[in-house]
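For reference, the structure is listed below as structure tokens.
Chain identifiers are assigned alphabetically (A, B, ...) following the order of the sequence lines, protein sequences preceding nucleic acid strands; residue numbering begins at 1 within each chain. In this text the structure is predicted, and so the values were computed from the model without any measurement.
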Number of protein chains: 2
Amino acid sequence: MARQQKQTATERIRATLADAIVRGEIAQGVTLDEASLAEKFAVSRTPVREAIRQLEAIGFAEARPHRGAVVPNFTPERLTEMFAVMAELEALCARFAAERATDDEKRALREAHDACAHSARQGDIDVYYQTNLDFHEAVYAISHNSFLAEVTLSVRNRVSPFRKAQFRSFNRLMKSVEEHARVVDAILCGDPDGAAAAMIDHMNVVRSTVGEVSPTLRPLDDQAAETAER
Amino acid sequence: MARQQKQTATERIRATLADAIVRGEIAQGVTLDEASLAEKFAVSRTPVREAIRQLEAIGFAEARPHRGAVVPNFTPERLTEMFAVMAELEALCARFAAERATDDEKRALREAHDACAHSARQGDIDVYYQTNLDFHEAVYAISHNSFLAEVTLSVRNRVSPFRKAQFRSFNRLMKSVEEHARVVDAILCGDPDGAAAAMIDHMNVVRSTVGEVSPTLRPLDDQAAETAER
DNA sequence: AGCCTAAAGATTGCATGCAAGCATTCTTTG
DNA sequence: CAAAGAATGCTTGCATGCAATCTTTAGGCT
């Protein structure tokens with residue numbers, strides 16, 4: 001029944017650019033130049049423009065009429081706000097997962113966690129980063145709320161280039177796995193409060209670690225505890 | 001220092017169409033026809049297309065390559081998922097507001113609440129709907145997390161046509177005001193848990209009321225308690 | 001009457017070109 | 001020399017037109 005969708009150039013370009021921004025390959029502050037992108041993608045400016053309009057709509061680019069769209073810059077305050085929201089959304093995913101995950105889904109989560117642990121032992125940041133993303137996405141997937149998963153993923157993508165920065169901190173991979181383990185344990189034994197709290201803790205560590213390794217993104221003192229106390 | 005932004009046709013069209021979708025003036029299932037919209041806005045198809053691409057990116061339209069974009073249909077399950085996420089985000093706004101609102105902001109919230117109470121006594125659904133939106137936005141504004149306010153607003157807009165439907169229920173306006181009052185009381189006396197719980201309760205009533213007045217959107221039995229128990 | 005096929009019509013995707021707007025550079029003025 | 005204004009070049013915003021794709025219609029066959 002599913003109609004096979006033909007992919008438009010606009011969609012292909014949007015996806016490629018979004019991916020590049022998420023991966024940090026197009027840095028913040030970079031202007032998205034229609035002409036050079038059109039040349040790069042071997043198309044006219046039209047689909048490039050349409051793709052850029054889409055990126056603007058989802059916050060991946062900042063519209064500047066007549067002056068080109070630019071990948072947004074982040075202030076430390078802004079990043080802290082975004083991390084706090086992301087933490088809450090991921091905590092909600094964890095909470096729902098703890099309440100609702102089936103046995104099969106719990107097994108899948110455990111496997112995603114094991115893959116993380118394995119790649120942490122290997123010590124390769126890029127591989128760990130990918131298994132880390134897979135792990136988090138596994139939590140979204142078993143929340144049994146696909147809209148929540150979408151919203152969480154979209155917020156996650158917004159700060160993705162920064163999340164990766166954490167792994168430049170000493171022994172961060174192994175610590176990340178330990179934090180994940182607490183989330184997994186709580187989900188597997190059906191403890192929603194515990195799962196949510198463990199995820200909040202994990203995301204708080206991520207935010208402060210990003211500040212350690214990128215001093216220009218260090219949170220202000222009065223934002224250190226942005227996530228709600230409870 | 002803020003540069004006065006010139007508004008492009010694309011932006012004007014996007015805003016107008018988004019507003020019409022949010023208000024329910026463009027119903028779900030409607031195809032966004034480039035040619036007639038171009039005629040309506042007295043422009044070529046180009047800015048209309050760009051605006052439609054943006055609407056697609058934010059979920060206000062569903063992309064269908066070569067067959068035009070369409071305002072998405074909602075299933076009851078989908079709507080329930082979306083309401084649950086919205087409830088949690090609004091609850092988080094309320095929680096943060098209870099922790100952080102300044103005296104001036106509390107005053108502004110009280111005023112927004114009083115405006116709601118006044119328009120409820122008048123009994124005009126359209127006016128109440130607007131003051132109701134203003135009230136909720138006042139809560140977002142005093143959360144002291146502008147990113148959270150943005151995300152909450154964008155989710156709120158996605159289900160906006162349905163939220164309005166609740167007010168067709170008997171005496172719903174006055175009940176809505178009572179529910180708001182509990183949120184306001186908790187925020188004003190600095191009770192984050194109370195504020196979050198009151199907002200969750202309020203949003204749950206909204207969801208179930210929407211199902212009462214729109215039988216095709218009634219939640220399934222096993223989704224009745226989508227919002228997390230805690 | 002129902003089904004299939006081909007053609008016609010309608011709409012979309014995108015290339016191209018022109019005018020408008022902005023940034024940079026050059027010239028003039030005090 | 002510095003500041004202001006003018007000129008120039010580059011990029012963006014959008015109109016137009018053509019090809020591709022989808023939908024509808026008409027005709028033929030069973």
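Salt-bridge check for A:Glu150 with B:Arg78: passed, with a basic side-chain N closer than 4.0 Å to an acidic carboxylate O.
Here the P atom of nucleotide D:dC14 and the CZ atom of B:Phe41 are 13 Å apart, to the nearest Å. Rounding to whole angstrom units, CZ of residue B:Arg53 and P of D:dG13 are separated by 17 Å. The nearest whole Å value for the distance from the CD atom in A:Gln54 to the P atom in C:dG13 is 11 Å. Between the CZ atom of B:Arg64 and the P atom of C:dT11 there is a distance of 13 Å, given to the nearest Å. In this entry the distance linking CZ of A:Arg14 with C1' of C:dG13 reads 17 Å, nearest Å. In this structure, CD of B:Gln7 is placed 19 Å from P of D:dT12, rounded to the nearest angstrom. Per the geometry, CD belonging to A:Glu56 stands 12 Å off C1' belonging to D:dT12, to the nearest Å. B:Ile52 has its CD1 atom 7 Å from the P atom of C:dT12, to the nearest Å.
Checked against D:dG13, D:dC14, C:dA23, the side chain of A:Glu34 finds its nearest nucleotide in D:dG13. Closest approach to the A:Arg49 side chain among C:dT11, D:dC14, C:dC14 is made by D:dC14 (side chain taken as heavy atoms from C-beta onward).
B:His136 has its ring centre less than 6.0 Å from the ring centre of B:His202. Ring to ring, A:His180 and A:Phe135 are close: their centroids are under 6.0 angstrom apart.
For the pair A:Arg172/A:Val205, a side-chain contact is recorded, criterion being any heavy-atom separation below 4.5 Å from C-beta on. Residues A:Thr80 and A:Glu77 fail the side-chain proximity criterion, which asks for heavy atoms closer than 4.5 Å. Side-chain contact between B:Ile187 and B:Arg95: absent, with no pair of heavy atoms (C-beta onward) separated by less than 4.5 Å.
Nearest-nucleotide positions on DNA chain C for B:Ala35 and A:Pro47 put B:Ala35 closer to the 5' end.
For the pair A:Thr8 and C:dT12, the criterion of a side-chain N or O lying under 4.0 Å from OP1 or OP2 is not met.
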Protein proximity profile, nucleotides 16-21 of chain D - base contact B, sugar-phosphate-only contact S, no contact -, cut-off 4.0 Å on heavy atoms: BB---S
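In this structure, the side chain to side chain contact (heavy atoms under 4.5 Å, CB included) partners of B:Ala138, at least two apart in sequence or on a different chain, are B:Leu109, B:Ala112.
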